[in-house]
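A quick write-up on the structure given underneath.
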Number of protein chains: 2
Amino acid sequence: MPRAAKHQRGAKLRSAAFSRIRSDHQSELAEDYVELIADLIDERGEARGTDVAMRLGVANATVVKTLKRLQDAGLVTQEPYRAIFLTGEGWKMAEDGRRKHRIVEGFLLALGVSEETARIDSEGIEHHVSEETLRAMARFLARNGR
Amino acid sequence: MPRAAKHQRGAKLRSAAFSRIRSDHQSELAEDYVELIADLIDERGEARGTDVAMRLGVANATVVKTLKRLQDAGLVTQEPYRAIFLTGEGWKMAEDGRRKHRIVEGFLLALGVSEETARIDSEGIEHHVSEETLRAMARFLARNGR
DNA sequence: CAATAGATTTAGCCAATGCTAAACTTTCTG
DNA sequence: CAGAAAGTTTAGCATTGGCTAAATCTATTG
Ligand SMILES: [Mn+2]
Ligand SMILES: [Mn+2]
Ligand SMILES: [Mn+2]
Ligand SMILES: [Mn+2]
């Protein structure tokens, strides 16, 4: 039996976690964009590309390019030099992002970390928690949250 | 006062979380590679590119290219057609990754999620937890762990 | 010890996500 | 309402991290 085949089976199982990470990373940016656009619309009535760029801390040109992809993906609509709107699917993704974000951030606070850490860490963690873990966090939160 | 300047200050603060994510993502792949290489060396005496590729679930050629970057970054050493070695810095990063991974995975288990979910979710979460959150998880683990 | 099977690297492609500088459009103002 | 200021997009570049197919090296074995 060839050397490389020897451990193929065990490896196949283990690689599932890394596949998940790669897939999470693909949706991650889209989720943060739509959630941020939803926040801007709610807070200020409209979302401009510049505001998105400022809140994300990236260049304007980067946002323009990313929004084009999100438009192709059916998440946002926009016309040149105008504000950005979310499609139905975009709002759905934004709401789901907010839900996860709220649970993760509240959970971290209930666990005893500072507000700033909860805010920062939850921005990354939210994209890598399964529904099962979210349920466990919500359960903990119901018992120990404020 | 120009429109875009109006909210610049608030945005600056908020963008810190997204900067952290972008920086986390840059180190993420390197961390998983060195941790995996360390595991292979410990389990099997040596780490071959092929084994790394199989465990990650990516093509061989991808691993070759990434290892070149890790070599430039001073994390691994290798010669063509030979096994991969970690530098001192590589081992340090691997050990630190293992430490975080252990805490996060143990924590998820203590929180009540299944072994498979803990294994999969921790692979992504480990890269986005601050030291403060790790301490909080370790504290919880000390009280509620198995 | 030569042929071949297996392992590894190279070459060349692609998409995503970042940047700066230049061009263009919109908005404000005298 | 013309010119300037502000806002936005385009153009062009770089890096990362994927892939497949072809080339090359190593190891086995008859
Ligand atoms: Mn979010
Ligand atoms: Mn986020
Ligand atoms: Mn790890
Ligand atoms: Mn990982």
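Each chain gets a letter, A, B and so on, in the order the sequences are listed, and its residues count up from 1. Note that these values count all heavy atoms, side chains included, but never hydrogens, waters or copies made by symmetry.
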Using a heavy-atom cut-off of 4.0 Å across all strands, would you classify B:T62 as base, sugar-phosphate, or nothing?
base
Taking protein heavy atoms under 4.0 Å as touching, what does nucleotides 22-29 of chain C look like 5' to 3' if B marks base contact, S marks sugar-phosphate-only contact and - marks none?
--BSS---
Take the protein atom [atom1] of [X] and the nucleotide atom [atom2] of [N], then report the distance between them rounded to whole Å.
X: B:L70; N: D:dT16; atom1: CG; atom2: P; result: 11 Å
X: B:Q26; N: D:dA14; atom1: CD; atom2: C1'; result: 13 Å
X: A:E28; N: D:dT16; atom1: CD; atom2: C1'; result: 15 Å
X: A:E79; N: D:dT9; atom1: CD; atom2: P; result: 11 Å
X: B:N60; N: D:dA23; atom1: CG; atom2: C1'; result: 14 Å
X: B:Q71; N: D:dT16; atom1: CD; atom2: P; result: 15 Å
X: A:H25; N: C:dG18; atom1: NE2; atom2: P; result: 12 Å
X: A:L67; N: D:dT10; atom1: CG; atom2: P; result: 12 Å

Heavy atoms only: give me the nearest [X]-[Y] pair and the separation to one decimal.
X: A:D24; Y: A:H128; result: OD2-ND1, 3.3 Å
X: A:Y33; Y: A:T62; result: OH-O, 4.3 Å
X: B:K100; Y: B:E126; result: CD-O, 3.8 Å
X: A:G49; Y: A:V63; result: O-CG1, 3.8 Å

Nearest-neighbour nucleotide for the [X] side chain, [options] considered:
X: A:L29; options: C:dT10, D:dT10, C:dG18; result: C:dG18
X: A:R22; options: D:dC13, D:dC19, D:dG18; result: D:dG18
X: B:A61; options: C:dG18, D:dA21, D:dT9; result: D:dA21
X: A:K65; options: D:dG18, D:dT10, D:dG12; result: D:dG12

Map A:K68 and B:A59 onto DNA chain D by nearest heavy atom, then report which one ends up closer to the 5' terminus.
A:K68
Would you call A:E131 and A:R99 a salt bridge, taking side-chain N to carboxylate O under 4.0 Å as the test?
yes
For B:E116, does the CD atom sit with more than 12 other heavy atoms under 6.0 Å from it, leaving out its own atoms?
no
Taking C-beta and beyond as the side chain, do A:S15 and B:L56 meet within less than 4.5 Å on heavy atoms?
no
